[in-house]
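Have a look at the structure below before the remarks.
Chain naming here is simple, since letters A, B, ... match the order of the sequence lines and numbering starts at 1 in each.
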Amino acid sequence: MKELSAKYNPSEVEDKWYSKWMEKKFFHSEPDEREPYTIVIPPPNVTGILHMGHVLNNTLNDVLIRKARMDGKNACWVPGTDHASIATESKVVARLKEQGISKEDLTREEFLRYAWEWKEEHGGIILKQLRKLGASCDWDRTRFTMDPDLSEAVISTFVHFYKKGLIYRGVRMVNWDPVGLTAVSDEEVIHKDTQSKFYHLRYYVSDGNGGRTDKYIVVATTRPETIMADAAVSINPDDERYGWLKGKKVLIPLINKEIPIIEDSYVEIGFGTGCLKVTPAHDANDYAIGLRHNLPITDIIDDHGRLNENAVILIGEDRFVARKKIEKMLSEAGLLEKVEDYVSPVGYSERTDAVIEPKLSTQWFLKMEGLAKVALDSVESGRTRLIPDKYRNTYRHWMENVRDWCISRQLWWGQRIPAWYLPDGTIVVEENAEKALEAARKIDPALTAADIRQDEDVLDTWFSSWLWPISVFDPGLPGHPEHKPNADLAYYYPTNDLVTGPDILFFWVARMIMAGDEFLGKEPFSNVYLTGIVRDKIGRKMSKTLGNSPDPLDLIAKYGADAVRIGMLLCSSAGNDIFYDESQVEQGRNFCNKIWNSYRLITGFEVSDSAAQPAAASSAVEWFRAKLSSTIETVEDHYSKFRISDALMSVYRLFWDDFCSWYLEIVKPAYADGKPLPLDRATYDATIGFFDALLRLIHPVMPFITEELWQDLAPRGRIRSGRHRRPPRHASAEKYSPEAASLAESQGILPRKGCRRRQETRRRGFHRRGECLGRRRVLHDRHERTLRSARRPRGHRRGDCKDREGSRVPEAFPRLRP
RNA sequence: GGAAGAUUAGCUCAGUCGGUUCAGAGCACCUGCCUUACAAGCAGGGGGUCGACGGUUCGAAUCCGCCAUCUUCCACCA
């Protein structure tokens, strides 16, 4: 018997396989005659580090891909990272700031050089971390959304939609992030209820000559610092209280600018004072009112959220400082009627957590109407299946109410918008500067390269992510639907399953469906498995600021990657949030140890070719064979329904209860003279076969320990590289054999389920009197101590053997030994 | 404010067609055991008015209504 420690040591085993699996070509896949099974990774931020959400997501991905690989499919999991413009750029800016460099002092080229340096230095750490988790990606296919050819795909896509007339430039009220200094999409704004104040201000009615009358109205606002941008005060036309106001003008407090009273039914009579200050430049609704009433627009807030010269007063002050100061000024001027505490929803930037400033600006948009219809139809028709399907409702709602997609971002890190402005303001959109110049010269042959100017903005990161399932295989295709897909794309596309979080169902999943339809006429995947959010034990979201998120690498070091994977999967039924608790990882670790020790037992068996197989052993073999088959069927069924944690639990119980507690306890040889008796050949071979099958069954979930033991169990030959080197999975599930079952039953070998609970056992009448005593008697001469705690399988209760007279034991009870 | 989903043991969750595979699993807990694979273990045990109320039915965890609580998404009333 080999010397194996009684405790499984994951780090030893994992280091070994980790480095093997990192070898080039190990999980590499090329198109061949087999059926492909493909997953593209939801690309993590290139500068991100592994958190529990990644662990959940990538464990699920890896389970699926390893399962497919063992099923004999040509499994390909494409890894990669996302350039994440806002997140990465703000990290680079912060880092430069530490070095005393401000972004404004750099040219675009200089800044990008820093950014790439940073990316080379810190980027891709997360992919190495994923390998620690056992992710069996095809590392040779690693892609980055800003790889040159992938960027070209993005540019081509822009040109494609522009020429199709779906991309336009327009002035819109956008969500401005004054910290990130960029517009963000509606989806990137998080509304949070925020404690603020409701200021009631006096607006005096104008006397018509720049002076004020003694009449005034009270306007309630949460943003007094924007009064200088007011274009009107609006009342509801049906508000009888203010009938006298109609046609009058009022003066903006402090600056005494005259603005008209307008009537608009948007104003609710019952809310606030019934008077609404209309500030078209700084509120989306006010902007809409402004358009209706043709009001002038005064923009008083600059990109950094400071008041600009249009504000007349408090120029240069930050908007929140200005709010405090203006409160004081108003109060001193006797224009502040009262201040109430007020909780109102305020939009925050998802990336920088800055308060979003509604701001008018010129942006690029992609028309969504037609695309959304396609994406909706794909899910409604079931061509793309959402798991769990409760998300179909939210998906439909979103798709039916989608607005045009603002695709420009005022950043440098990303794909620059391929639009060039001619001196007269004409826009040409082409894939590169040369083509743009060529197009420009068709308009004005005198133009030179110096005369045309490229748009400064870059594209939204999702504008590259939505091409991901296509561009990782064939970056030449997006934007060129007339091209023939290359061999990779033709073979791997559409991919099979996508595992991702529901938070990016619209950002990413829906848009990938749109792009897939646009360029290939096919959905990029058939199943979308939506995971839950990883929360801590008491239900809080994992977050850095709360400090409740464990570092997955620490966990892996402590418990092993297999244990971490199990810990995540145990509690992750699809779509439910995950309540992470370290004790689940412990459970995983314990299971690893159980497997390890069962292996120690099995490899310690001495085999005798001459020994006859005891009847108990032969029925145990038959019983377990049936049990194994039926469990394999169950597990397959669970997998087919994406019930991964159920699949895991089925194998867990099969391995632990049925195999270890029942089967091994029955067949393991007795001791004589302090030495174990040898095991007969038939039982031994069967046992090895079962163990082999069990390892393969649990391998997708626990790749490290199963790889180690399976390689050790029998000579496996040289490990092949390049393809999956596992045998094509356990043979198709054998049918459950009723004969074996009844034989096992007649021998008193009971499946665990049958005797776990007393009632059930009684009802089924499985137990014969004396059965347990029989086992106890046999065990008695094995060891004195064993008597007190007879090693019976779980669930085999003492309570069933109330009558303990030794004499009642039936003679023929051949369970544990010959 | 609108929508969707959830509520089953201390915790996390299964429960498919309304009925002898319906009170289930894992963990946790309690008791006894360092035993020759494993104390990261073994054996045994306790534990639930299936959120409340009403209805349909011969029969309801399951179907319907209503209420309560929770979660998420959408919207933003200044």
When the [atom1] atoms of [N] and [M] are considered, how many whole Å apart are they?
N      : M      : atom1 : answer
G65(B) : A6(B)  : P     : 14 Å
G55(B) : A9(B)  : C1'   : 29 Å
G51(B) : G46(B) : P     : 24 Å
C63(B) : C58(B) : C1'   : 16 Å

Can you tell which of [options] lies closest to the side chain of [X]?
X       : options                : value
M649(A) : A37(B), G26(B), C38(B) : G26(B)
R643(A) : C13(B), A14(B), G5(B)  : A14(B)
N593(A) : A40(B), A78(B), G26(B) : A40(B)
R403(A) : A40(B), A25(B), A75(B) : A75(B)
R653(A) : G26(B), G41(B), A4(B)  : G26(B)
R589(A) : A78(B), A40(B), G26(B) : A40(B)
T394(A) : G5(B), C73(B), A78(B)  : C73(B)

Can a side chain N or O of [X] be found less than 4.0 Å away from OP1 or OP2 on [N]?
X       : N      : answer
N597(A) : G41(B) : no
K641(A) : U16(B) : no
Y652(A) : C27(B) : yes
Y671(A) : A37(B) : yes
W656(A) : A25(B) : no

Polar contact flag, side-chain donor to acceptor under 3.5 angstrom, T500(A)-Y529(A): no
Donor on one side chain, acceptor on other, Q587(A) and N590(A), under 3.5 Å: no
For [X], report the nucleic acid contact type (base, sugar-phosphate, nothing); a contact means any heavy atom under 4.0 Å.
X       : value
C660(A) : base
K594(A) : base
S598(A) : base
F591(A) : nothing

Do [X] and [Y] make a side-chain contact, defined as non-hydrogen atoms from C-beta onward lying under 4.5 Å apart?
X       : Y       : answer
R403(A) : M368(A) : no
D712(A) : Y599(A) : yes
Y580(A) : R535(A) : no

Side chain E665(A) and base A37(B) donor-acceptor under 3.5 Å: yes
Can you tell me the pairing partner of [N] across any strand shown, Watson-Crick or G-U wobble, with both distances under 3.5 angstrom?
N      : result
U20(B) : none
A25(B) : U12(B)
C73(B) : G2(B)
C34(B) : none
G65(B) : C53(B)

Chi-angle category of C34(B) [syn within 90° of 0, anti beyond]: anti
With I262(A), the side-chain contact (heavy atoms from CB on, under 4.5 Å) member among I289(A), V233(A), I235(A): I289(A)
Expected output: side-chain E636(A) to main-chain E633(A) donor-acceptor under 3.5 Å: no
Rounded to whole angstroms, how far apart are [atom1] on [X] and [atom2] on [N]?
X       : N      : atom1 : atom2 : answer
E225(A) : A78(B) : CD    : P     : 14 Å
Q587(A) : G41(B) : CD    : C1'   : 14 Å
Q584(A) : A25(B) : CD    : C1'   : 14 Å

